[in-house]
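Take a look at the structure below.
These figures come from a predicted structure and were not determined experimentally. First the proteins, then the strands, lettered A, B, ... as listed; each starts at 1.
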Amino acid sequence: MSLWLVKSDPEAYSFDDMEKDGKTSWDGVRNYQARNNIQLMKKGDRVLFYHSQIGKDIVGVTEVSKEAYNDPTTEDIRWFSVELKFKKRFKKTITLESMKSNEKLQNIGLIKQSRLSVMPIAEFEYDEILRLTK
DNA sequence: GCCAACGTTGGC
DNA sequence: GCCAACGTTGGC
């Protein structure tokens, strides 16, 4: 099982929307690196959900419920989507600020590559984030 | 609202 | 194939 993180501007699509919908098609990604990551996602992979712009925090976990398929929002066959389902909301969210000041999270994609919207997360990073929610 | 970072486009 | 111009993202 692999671990990932996706970003969303809550004004466009928030974790509240995600919880309400139960599952959603993660489409509209128009960046090759993010696209490549989407194609690597497997059913059952855990995906952290991060709010960009507003909040700037990881708010919970989703799970890949359907592997890569052609992005339904475009005719362009270069782009792919996955289906994500709501898994769990964190009692305490993890802010970007707290990650920046955490020794173990210095190399997390969120900090290293701030513009990438779909990125892999290392197991120790995932564990550390979960630990911080407690 | 500004601007740095960075990806994409298009002229040459 | 290079690189300037331009557009977008996202933190501040």
Side-chain angles (χ1 to χ4, degrees):
Chain A
M1 184 177 79
S2 303
L3 303 163
W4 309 94
L5 179 145
V6 294
K7 291 203 279 202
S8 185
D9 180 348
E11 294 211 309
Y13 193 83
S14 69
F15 201 57
D16 282 346
D17 296 326
M18 180 86 229
E19 182 167 23
K20 185 154 49 73
D21 294 344
K23 62 183 182 179
T24 193
S25 181
W26 206 257
D27 46 42
V29 172
R30 298 290 182 270
N31 167 284
Y32 289 111
Q33 210 179 335
R35 190 278 313 267
N36 293 344
N37 289 332
I38 279 177
Q39 288 182 303
L40 291 172
M41 287 181 173
K42 295 289 175 207
K43 196 170 176 175
D45 283 359
R46 296 297 147 83
V47 184
L48 296 169
F49 197 107
Y50 174 79
H51 277 164
S52 62
Q53 322 271 20
I54 300 167
K56 277 169 280 179
D57 52 359
I58 299 174
V59 290
V61 190
T62 65
E63 182 182 318
V64 178
S65 50
K66 203 169 162 192
E67 294 177 15
Y69 48 92
N70 280 304
D71 188 328
T73 65
T74 178
E75 296 292 304
D76 194 330
I77 60 159
R78 289 178 300 171
W79 306 116
F80 288 84
S81 303
V82 285
E83 183 186 270
L84 298 179
K85 74 173 180 196
F86 179 87
K87 189 84 185 164
K88 176 181 168 193
R89 178 185 291 275
F90 290 152
K91 286 197 178 67
K92 195 176 127 206
T93 67
I94 308 305
T95 63
L96 181 65
E97 196 186 5
S98 67
M99 289 184 263
K100 281 186 171 168
S101 61
N102 186 304
E103 225 172 80
K104 290 183 184 158
L105 300 175
Q106 289 308 298
N107 290 314
I108 199 166
L110 269 181
I111 299 171
K112 286 274 163 186
Q113 264 185 294
S114 66
R115 290 180 71 241
L116 187 61
S117 63
V118 181
M119 65 189 77
I121 294 291
E123 201 174 336
F124 76 90
E125 291 168 340
Y126 188 87
D127 291 345
E128 177 65 8
I129 287 160
L130 285 195
R131 194 182 67 78
L132 294 171
T133 66
K134 299 223 168 72

_Within the 4.0 Å limit for protein heavy atoms, which parts of nucleotides 3-12 of chain C are touched? Write it as a string from 5' to 3', B for base, S for sugar-phosphate only, - for none._
----BBBBBB
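Residue pairs meeting the ring-ring contact (aromatic ring centres under 6.0 Å, His included) criterion with at least one partner in residues 53-80 of chain A, sequence neighbours excluded, are A:Y32-A:W79.
A search for side-chain hydrogen bond (donor to acceptor under 3.5 Å, both in side chains) contacts involving A:W4 returns A:D45, not counting sequence neighbours. Considering only residues two or more places apart in sequence or on other chains, A:S14 meets the side-chain hydrogen bond (donor to acceptor under 3.5 Å, both in side chains) condition with A:D17.
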List the atom pairs, with distances to 0.1 Å, where a side-chain N or O of residues 53-60 of chain A and a protein N or O form a donor-acceptor pair under 3.5 Å, not counting sequence neighbours.
from	atom 1	to	atom 2	distance (Å)
A:D57	OD2	A:T93	OG1	2.8

Considering only distance and modelled atom types, tabulate donor-acceptor pairs under 3.5 Å from the side chains of residues 117-125 of chain A, sequence neighbours left out.
from	atom 1	to	atom 2	distance (Å)
A:E125	OE1	A:A122	N	2.9

